[in-house]
Amino acid sequence: MYGLVNEAIRGMVLASFDEQTWVAIAEEAGVDDEFISMHSYDDADTYALVSVASEKLGVPADEILEGFGKHWIQFTAEEGYGSLVEMMGDSLEVFLRRLGDDMHARVVAAMPALQPPEFFVEERSATEFIIRYRSHRQGLSSMVKGLLEGLAEKYQRQAAVTMLSTEHTDDKAQATFLVEILDRH
Ligand code: HEM
């Protein structure tokens, strides 16, 4: 994955812990402690960081991934991708509808080696969205939960995100989420 992802993990660790903790995590994971955002690194580096952080901080990997998803929305805004998210809509509902229209396609222009996941969106009612996620990567469903929660937070909305199912095969992972909007306005 692009270094931007590993940089976001670094930022998240630094926000709650200190430089020493981060350097120890990176060292044990066998990766650099700084990354070039626009360079594409081996996915194994990212997985190693999550797994060592989970071990060292005593936090389950799924919790780390969920926190990471939330952090990502804020992080990409700060790293200059905010306008991309803005272009996706001025409300949570509009953004969720467009998530299925290949939102990462706009990112590919800047990051040609991107291997983004796919989203399929079904609007069940004015307050209920079903979001289906599919990726060739394993084990990142909790990150999607955090991302959807982070989006609600970004639009200052109350929403409950539930993972309805998750399924892994050798070469792909799928998960289905229910997003219930609790404060329709
Ligand atoms: C401007 C905002 C965004 C940027 C710049 C961005 C960029 C990226 C990048 C660089 C990766 C790593 C993949 C690779 O390097 O091949 C990634 C992965 C991912 N992105 Fe985004 N993204 C953005 C917003 C979102 C949003 C809003 C969602 C979902 C609600 C999302 C869902 C994911 C997921 C789940 C992955 C993990 C990879 C996988 O599942 O295979 N992203 N994105």
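First listed ligand is number 1; within each ligand, the first listed atom is number 1. Numbers here are sequence positions counted from 1.
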Nearest option to [atom], as decided by whichever heavy atom of [options] sits closest:
atom: atom 24 (C) of ligand 1; options: Met111, Lys145, Met103; value: Met103
atom: atom 10 (C) of ligand 1; options: Asn6, Leu4, Leu114, Val107; value: Leu114
atom: atom 34 (C) of ligand 1; options: Ala77, Ala175, Pro117; value: Pro117
atom: atom 2 (C) of ligand 1; options: Ile131, Leu148, Val85; value: Val85

Look at [atom] and say which protein heavy atom is nearest, naming residue and atom and giving the distance to 0.1 Å.
atom: atom 36 (C) of ligand 1; result: Met143 CE, 3.7 Å
atom: atom 38 (C) of ligand 1; result: Arg137 NH1, 3.3 Å
atom: atom 12 (C) of ligand 1; result: Val5 CG2, 3.5 Å
atom: atom 32 (C) of ligand 1; result: Leu147 CD1, 3.3 Å
atom: atom 8 (C) of ligand 1; result: Trp72 CZ2, 3.6 Å
atom: atom 41 (O) of ligand 1; result: Ser135 OG, 2.5 Å

side-chain contact (heavy atoms from CB on, under 4.5 Å) between Ile130 and Leu178, intermediate numbers included: CA-CA 5 Å; Ile130 296 287; Leu178 168 66; 4.0 Å; yes
When you measure from the side chain of [X] to the backbone of [Y], do you find a donor-acceptor pair of N or O atoms at a distance under 3.5 Å?
X: Glu27; Y: Trp22; answer: no
X: Thr76; Y: Trp72; answer: yes
X: Arg10; Y: Glu34; answer: no
X: Tyr133; Y: Thr166; answer: no
X: Asp183; Y: Gln158; answer: yes

How does Phe177 reach ligand 1, by side chain, by backbone, by both or by neither, if only non-hydrogen atoms under 4.0 Å count? neither
Which bit of Met88 gets closer than 4.0 Å to ligand 1, counting heavy atoms only: side chain, backbone, both or neither?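 The answer is neither; Met88 stays 4.0 Å or more away.
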Strictly below 4.0 Å, N to O, side chains only: are Arg97 and Glu93 in salt-bridge contact?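 Glu93 and Arg97: not salt-bridged.
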Using a strict threshold of under 4.0 Å (side-chain N to carboxylate O), is an ion pair present between Glu86 and Lys154? yes
Give me the ring orientation class for Phe119 and His104: parallel if the planes are under 30° apart, tilted from 30 to 60°, perpendicular past 60°. parallel
Donor-acceptor side-chain pairing of Thr46 and Asp43 below 3.5 angstrom: no
Could you tell me whether [X] and ligand 1 have an N or O pair separated by under 3.5 Å?
X: Tyr81; result: no
X: Tyr133; result: yes
X: His104; result: yes

Please name the pair of heavy atoms, one in Asp90 and one in Tyr155, separated by the smallest distance, quoted to 0.1 Å.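 Nearest heavy atoms, Asp90 then Tyr155: C-CE2, 3.7 Å.
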Which of the atoms in ligand 1, numbered in the order shown and given with their element, are less than 4.0 Å from a heavy-atom of [X]?
X: Tyr2; result: 10 (C), 14 (C), 15 (O)
X: Val144; result: 35 (C)
X: Gln115; result: 14 (C), 16 (O)

